[in-house]
Amino acid sequence: MAQRITTLIQDRLVVAVKTLYGADLTATDLPLSNTRKEFVGDFTVVVFPLTRVARKKPEEIGAEIGQYLLQHVPEIVDFNVIKGFLNLAVSPRYWQDYLSGIYSDTTFGIQPANGQKVLVEFSSPNTNKPLHLGHVRNILLGWSVSRILEAAGYKVFKVQIVNDRGIAICKSMLAWKKFGVGATPESTGMKSDHFVGDYYVRFEQEFQKEYQQWQASAAGQEIFRQHAKADESEATFFKGYKDQYFNQHSALGAEAQEMLRSWEQHDPATLELWKTLNNWVYAGFNATYDRLGVSFDKLYYESDTYLLGKDMVEKGLEKDVFYREPDNSVWIDLEDAKLDRKVVQRRDGTAVYITQDLGTAELRYEDFGVEKMVYVVADEQIYHFQVLFEILKRLGAPYASGLYHLAYGMVDLPTGKMKSREGTVVDADDLIDEVIAEAWENSRERGTIADLPEKEQAEVIEQIALAALKFFIIKVNPQKRMIFDPRESVDMQGTTGPYVQNAYVRIQSVLRKAGDEDLSAAAEYGTLEKEEQDLIAQLAQFPDLIQEAARNYDPSIIANYCYNLAKAYHRYYHDFSILKADSSAARAFRLQLSTAIANTLRNGMDMLGIAMPERM
RNA sequence: GGUCCCGUAGCUCAGCUGGAUAGAGCAACUGACUUCUAAUCAGUAGGUCACAGGUUCGAAUCCUGUCGGGAUCACCA
């Protein structure tokens with residue numbers, strides 16, 4: 001395709017302003033917007049800002065520039081001025097040529113490689129319990145951002161850091177050892193990550209029981225008398241004392257900590273137990289990832305990386321980025337960046353969380369040599385990443401300017417926050433099961449795919465169900481906290497994934513009936529309908545939009561675009577006949593248009609991790 | 001208390017690098033399938049863009065403040 005129409009017009013605008021008013025402006029000073037649908041035209045120039053350089057009334061300026069463009073830009077065939085708005089009409093011929101240039105391009109919108117590499121980290125669960133709704137938002141964001149970056153020309157590496165060690169998994173291990181009596185996922189027929197998760201819950205229950213008993217005991221009452229604030233109730237006090245109890249008084253707590261210590265000392269039996277449980281969890285995670293259609297290029301494990309970062313500490317000390325306190329702990333002072341003082345190495349010489357992240361970043365740079373690293377992590381860790389990035393910058397990491405924390409808001413339920421203690425956490429597998437069940441029910445009522453073999457039906461149903469779930473989550477701007485209403489998430493009408501799929505399916509149905517015909521007659525199609533011109537103009541925005549979505553790490557831009565394109569097509573489909581168009585030229589043109597829209601919808605939805613069925 | 005994010009229709013969300021009369025979907029009501037898939041389309045109704053100032057020819061959008069919601073400020077991860 002030749003130069004994009006918008007930049008072409010903007011370039012001429014710059015010349016027009018220079019010629020007419022002698023002013024040196026750039027294209028960015030003269031933004032072009034899409035003409036609102038209630039006015040005639042394709043693009044609009046707001047001329048108010050030019051009153052200063054032109055020293056004329058807006059209406060006059062609009063008329064002069066409009067006249068100039070009409071004479072000097074062949075693609076512009078008409079203009080009108082309303083108040084300070086200059087509306088430009090692009091020739092139908094241009095739009096038709098544009099369409100015939102793209103309609104058969106199945107990779108429309110996707111940019112050629114730009115030679116840059118980016119790493120995207122997402123998911124990164126703890127291994128003590130199954131994936132839940134919060135992970136789902138994370139995973140869908142990470143996956144779609146990866147796909148969008150690929151479409152924008154980057155080479156993308158998808159990774160996660162698996163939090164496979166620490167006190168949490170030790171709790172599951174201990175509970176399984178104490179109460180599991182040799183049970184396995186196989187012996188119980190459970191999905192293996194849920195199996196392990198249940199032992200984590202079991203631990204918490206047993207611990208709670210123990211804590212309750214202790215609270216009533218003489219020892220517990222003594223602590224309450226000694227440490228409670230004056231007017232503090234027993235319940236409030238013990239609620240706040242839980243962690244201390246776990247660390248100092250609890251038998252179960254002591255056992256779990258002993259488990260962690262023996263893990264750190266590489267005790268063979270403990271390592272064996274740890275591996276067994278983690279492998280169960282991984283098998284379960286992988287099943288869920290498969291259902292969600294996501295995969296990773298490399299997995300990092302915290303058990304391998306938690307000691308990393310020591311050489312970064314040395315390096316930082318040499319460069320005077322860090323300093324050592326008399327007690328041997330190592331610090332960085334970030335007060336000039338309004339980030340306070342942070343510990344990077346404990347008194348005892350061990351690494352803290354952020355030090356591991358320093359080491360992991362360095363390791364990943366060695367592994368992939370990327371220019372950019374994107375961390376998809378909930379917004380509660382914004383401060384952590386500000387500190388991490390600032391430290392890497394001061395250490396002179398070559399990738400420091402390419403670090404980005406994609407911070408997304410937490411997922412709430414209509415009833416409020418998800419709380420594991422109250423059992424309101426929405427499980428990822430359950431969620432997928434529910435939306436699939438809903439899709440089956442809808443499909444049976446409609447009966448449109450009943451003639452397909454059972455296996456193909458199931459495939460289509462799964463595509464529809466996951467489209468509903470994924471689109472529901474991905475359409476919301478990542479930055480915002482979102483409310484997840486399970487009832488709405490299985491909706492398949494309105495602003496939903498299935499709605500977009502349906503536009504695609506309608507096109508496929510038309511194209512199947514049209515067969516494999518020569519569409520060159522489209523060139524003879526004379527005047528385009530307003531709706532047709534608008535649809536092509538909408539298609540033409542797609543490549544730019546991908547860049548914008550990539551620049552902002554925001555898949556919701558693509559989701560909203562797909563919805564709007566599908567919406568425009570649904571209306572067009574309703575109002576105009578394609579196969580029974582008035583002329584063979586019109587029919588050919590409309591088939592081209594439909595094909596281009598199908599390609600665009602498929603590519604856009606693919607970036608969101610949503611597959612398009614041929615029938616539904 | 002410091003810092004950051006959010007506040008748009010009953011509900012869920014777009015619009016935010018300033019531009020024309022603030023848009024969708026859901027829910028409610030009405031209409032359109034002998035027609036290319038009605039998971040669709042058309043219509044009715046629904047607004048102090050939290051509030052108050054400021055900048056501007058022009059503010060939902062930018063700035064300041066207030067209110068409301070959330071996050072964060074560990075030798076935890």
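Protein chains get the first letters and strands the later ones, always in sequence-line order, with residue 1 at the start of each. In what follows, every heavy atom counts, from backbone to side chain, and hydrogens, waters and symmetry copies are set aside.
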Q: Given the P atoms of B:G15 and B:A24, what is the spacing between them in whole Å?
A: 15 Å
Q: Give A:P414 one of three labels, base, sugar-phosphate or nothing, depending on what nucleic acid heavy atoms sit under 4.0 Å from its own.
A: nothing
Q: Classify the nucleic acid contact of A:V46 as base, sugar-phosphate or nothing, counting any heavy atom under 4.0 Å across all strands shown.
A: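 Base, at least one base atom sits under 4.0 Å.
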Q: In whole angstrom, give the distance that lies between atom CG of A:D485 and atom C1' of B:G25.
A: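 Going from CG in A:D485 over to C1' in B:G25 covers 13 Å.
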Q: Indicate whether OP1 or OP2 belonging to B:G25 is found under 4.0 Å from a side-chain N or O atom of A:K567.
A: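 The answer is yes; a side-chain N or O of A:K567 sits under 4.0 Å from OP1 or OP2.
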Q: Side chain of A:Q493 only, please: which of B:U40, B:A20, B:U72 is the nearest?
A: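 Comparing B:U40, B:A20, B:U72 against the side chain of A:Q493, the answer is B:U40.
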Q: In terms of relative ring orientation, are A:F207 and A:F203 parallel, tilted or perpendicular, with 30° and 60° separating the classes?
A: parallel
Q: Within this structure, what is the CD1-to-P distance between A:I167 and B:C76, rounded to whole angstrom?
A: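 So the two atoms are 13 Å apart, to the nearest Å.
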Q: Any strand is fair game: report the nucleotide pairing with B:A60 by Watson-Crick or G-U wobble, both distances under 3.5 Å, or none.
A: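 Partner of B:A60: none.
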Q: Determine the interatomic distance between P on B:G68 and the same-named atom on B:A60; round to the nearest Å.
A: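 Taking atom P in both B:G68 and B:A60, they lie 25 Å apart.
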Q: When you measure from the side-chain N and O atoms of A:R506 to the phosphate of B:A38, is any distance below 4.0 Å, counting only OP1 and OP2?
A: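 Affirmative; the distance criterion is met.
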Q: Paired with B:U55 by Watson-Crick or G-U wobble geometry, both distances under 3.5 Å: which nucleotide is it?
A: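 Across any shown strand, B:U55 pairs with none.
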Q: B:A14 phosphate, OP1 or OP2: any side-chain N/O from A:K480 under 4.0 angstrom?
A: yes
Q: What's the CG-C1' distance between A:N477 and B:U12, to the nearest Å?
A: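 In whole Å, B:U12 C1' and A:N477 CG are 14 Å from each other.
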Q: How long is the line joining CZ of A:F484 and P of B:C26, in whole Å?
A: 18 Å
Q: Quick check, does A:F48 stack with B:G58? I mean ring centres under 5.5 Å and planes off by under 30°.
A: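 The base of B:G58 is not stacked with A:F48 (the test needs centres under 5.5 Å and planes under 30°).
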Q: Between B:A71, B:A24, B:C41, which one does the side chain of A:T495 approach most closely?
A: B:A24
Q: Under 4.0 Å, counting only non-hydrogen atoms across every strand here, what does A:E302 touch: a base, just sugar-phosphate, or nothing?
A: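 The residue A:E302 makes sugar-phosphate contact but no base contact.
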Q: On a whole-Å scale, what distance lies between the P atoms belonging to B:A45 and B:U40?
A: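 To the nearest whole Å, 23 Å.
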Q: Taking 4.0 Å as the cut-off, does a side-chain nitrogen or oxygen of A:Q479 come that near to OP1 or OP2 on B:C6?
A: yes
Q: Over all strands shown, is A:F576 touching base, sugar-phosphate only, or nothing at heavy-atom distances under 4.0 angstrom?
A: base
Q: Closer than 4.0 Å, any side-chain N/O of A:R36 to the OP1 or OP2 of B:A20?
A: yes
Q: With distance as the sole criterion, do the side chain of A:T44 and the base of B:A20 form a donor-acceptor contact below 3.5 Å?
A: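 In this structure, the two groups form a donor-acceptor pair.
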Q: Taking the P atom of each, how far is B:G47 from B:C11, in whole Å?
A: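 Comparing P positions in B:G47 and B:C11 gives a spacing of 12 Å.
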Q: With stacking defined as ring centroids separated by under 5.5 Å and planes differing by under 30°, is A:F39 stacked against B:A20?
A: yes
Q: Which nucleotide, if any, forms a Watson-Crick or G-U wobble pair with B:G7, using both distances under 3.5 Å?
A: B:C67
Q: Nearest whole angstrom, please: distance from the C1' of B:A74 to the CD of A:Q345.
A: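 It is 17 Å, rounded to the nearest whole Å.
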Q: For A:K37 and for A:E488, find the nucleotide of RNA chain B with the closest heavy atom, then tell me which residue's nucleotide is more 5'.
A: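 Checking each residue's closest nucleotide, the 5'-ward one belongs to A:E488.
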Q: Which residue lies toward the 5' end of RNA chain B, A:K513 or A:N163, if each is placed at its nearest nucleotide?
A: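 Between the two, 5'-proximity favours A:K513.
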Q: Without decimals, in angstroms, what is the distance between A:E60 CD and B:C57 P?
A: 20 Å
Q: Could you state the CZ-C1' distance from A:R341 to B:A74, rounded to the nearest angstrom?
A: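 Result: 13 Å.
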Q: Under 3.5 Å, is there a donor-acceptor pair linking the side chains of A:Y103 and A:N599?
A: no
Q: Record whether the side chain of A:N87 comes under 3.5 Å of the base of B:A20 through a donor-acceptor pair of N or O atoms.
A: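 Per atom types, the contact qualifies.
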Q: P atom, B:G7 versus B:U17: distance in rounded Å?
A: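 It works out to 14 Å between them.
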Q: Tell me whether A:Q457 contacts the main-chain N or O of A:D451 through its side chain, where contact means a donor paired with an acceptor under 3.5 Å.
A: no
Q: Using Watson-Crick or G-U wobble geometry with both distances under 3.5 Å, which nucleotide pairs with B:G1?
A: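 B:C73 is the nucleotide pairing with B:G1.
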Q: Across the strands shown, which category fits A:I578 at heavy-atom distances under 4.0 angstrom: base, sugar-phosphate, nothing?
A: base
Q: Give a yes/no on whether any side-chain N or O of A:Y573 is located under 4.0 angstrom from OP1 or OP2 of B:U35.
A: no
Q: Using 4.0 Å as the upper bound for N to carboxylate O, is an ion pair formed by A:R551 and A:E548?
A: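 So A:E548 does not pair with A:R551 through a salt bridge.
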Q: Indicate whether the side chain of A:S172 and that of A:N128 have a donor and an acceptor atom separated by less than 3.5 Å.
A: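 Absent: no donor and acceptor within the cut-off.
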Q: For the residue pair A:T360 and A:I161, what are the closest heavy atoms and their distance?
A: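 Looking at all heavy atoms of both residues, the closest pair is CG2-CD1, 4.2 Å.
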Q: Need the pair for B:C41. Rule: Watson-Crick or G-U wobble, both distances under 3.5 Å, any strand; none if unpaired.
A: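 Looking at the geometry, B:C41 pairs with B:G31.
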Q: Return the value, rounded to whole Å, for the distance between atom NE2 of A:H570 and atom P of B:U40.
A: 6 Å
Q: Evaluate the side-chain proximity of A:N87 to A:F43: yes if any heavy-atom separation is below 4.5 Å, no if none is.
A: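 Result no, sub-4.5 Å side-chain heavy-atom pair not found.
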Q: Salt bridge check: are A:K530 and A:D534 linked by an N-O gap of less than 4.0 Å?
A: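 A:D534 and A:K530: salt-bridged.
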Q: For A:I507, answer base if it contacts any base atom (sugar-phosphate contacts may also be present), sugar-phosphate if it contacts only those atoms, and nothing otherwise; contact means non-hydrogen atoms under 4.0 Å.
A: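 Nothing, no nucleic acid heavy atom in range.
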Q: If pairing requires Watson-Crick or G-U wobble contacts with both distances under 3.5 Å, which nucleotide is the partner of B:G23?
A: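 The answer is B:C13, by the H-bond criterion.
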Q: Base, sugar-phosphate alone, or nothing: which one does A:Y383 contact when heavy atoms must sit under 4.0 Å apart?
A: sugar-phosphate
Q: Is any side-chain N or O of A:R346 closer than 4.0 Å to OP1 or OP2 of B:A77?
A: yes
Q: Ignoring hydrogens and angles, does a donor from either the side chain of A:D327 or the base of B:C75 sit under 3.5 Å from an acceptor on the other?
A: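 Indeed there is one.
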Q: Please measure how far the P atom in B:G65 lies from the corresponding atom in B:A27, and state the result in whole Å.
A: 43 Å
Q: Regarding A:Y499, tell me which of base, sugar-phosphate or nothing describes its non-hydrogen contacts under 4.0 Å with the strands shown.
A: sugar-phosphate
Q: One thing to verify: whether A:R347 and A:E325 come together as a salt bridge, which I'm taking to mean a side-chain N less than 4.0 angstrom from a carboxylate O.
A: no
Q: Could you tell me how far B:G18 sits from B:G58 if I compare only their P atoms? Round to whole Å.
A: 16 Å
Q: What nucleotide, of B:U12, B:C36, B:G70, holds the atom closest to the side chain of A:S577?
A: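 Selected nucleotide (nearest to the side chain): B:C36.
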Q: With rounding to the closest Å, how many angstrom separate the P atoms on B:A50 and B:C6?
A: 12 Å
Q: Need one value for A:M482: base, sugar-phosphate or nothing, where a base atom within 4.0 Å counts as base even if backbone is also close, heavy atoms only.
A: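 It contacts sugar-phosphate atoms only.
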Q: Is A:D485 salt-bridged to A:R487, cutoff N-O under 4.0 Å?
A: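 Yes.
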Q: Using a heavy-atom cut-off of under 4.0 Å over every strand shown, decide if A:D340 touches base, sugar-phosphate, or nothing.
A: sugar-phosphate
Q: A:K338 near the nucleic acid: base, sugar-phosphate alone, or nothing, with a heavy-atom cut-off under 4.0 Å?
A: nothing
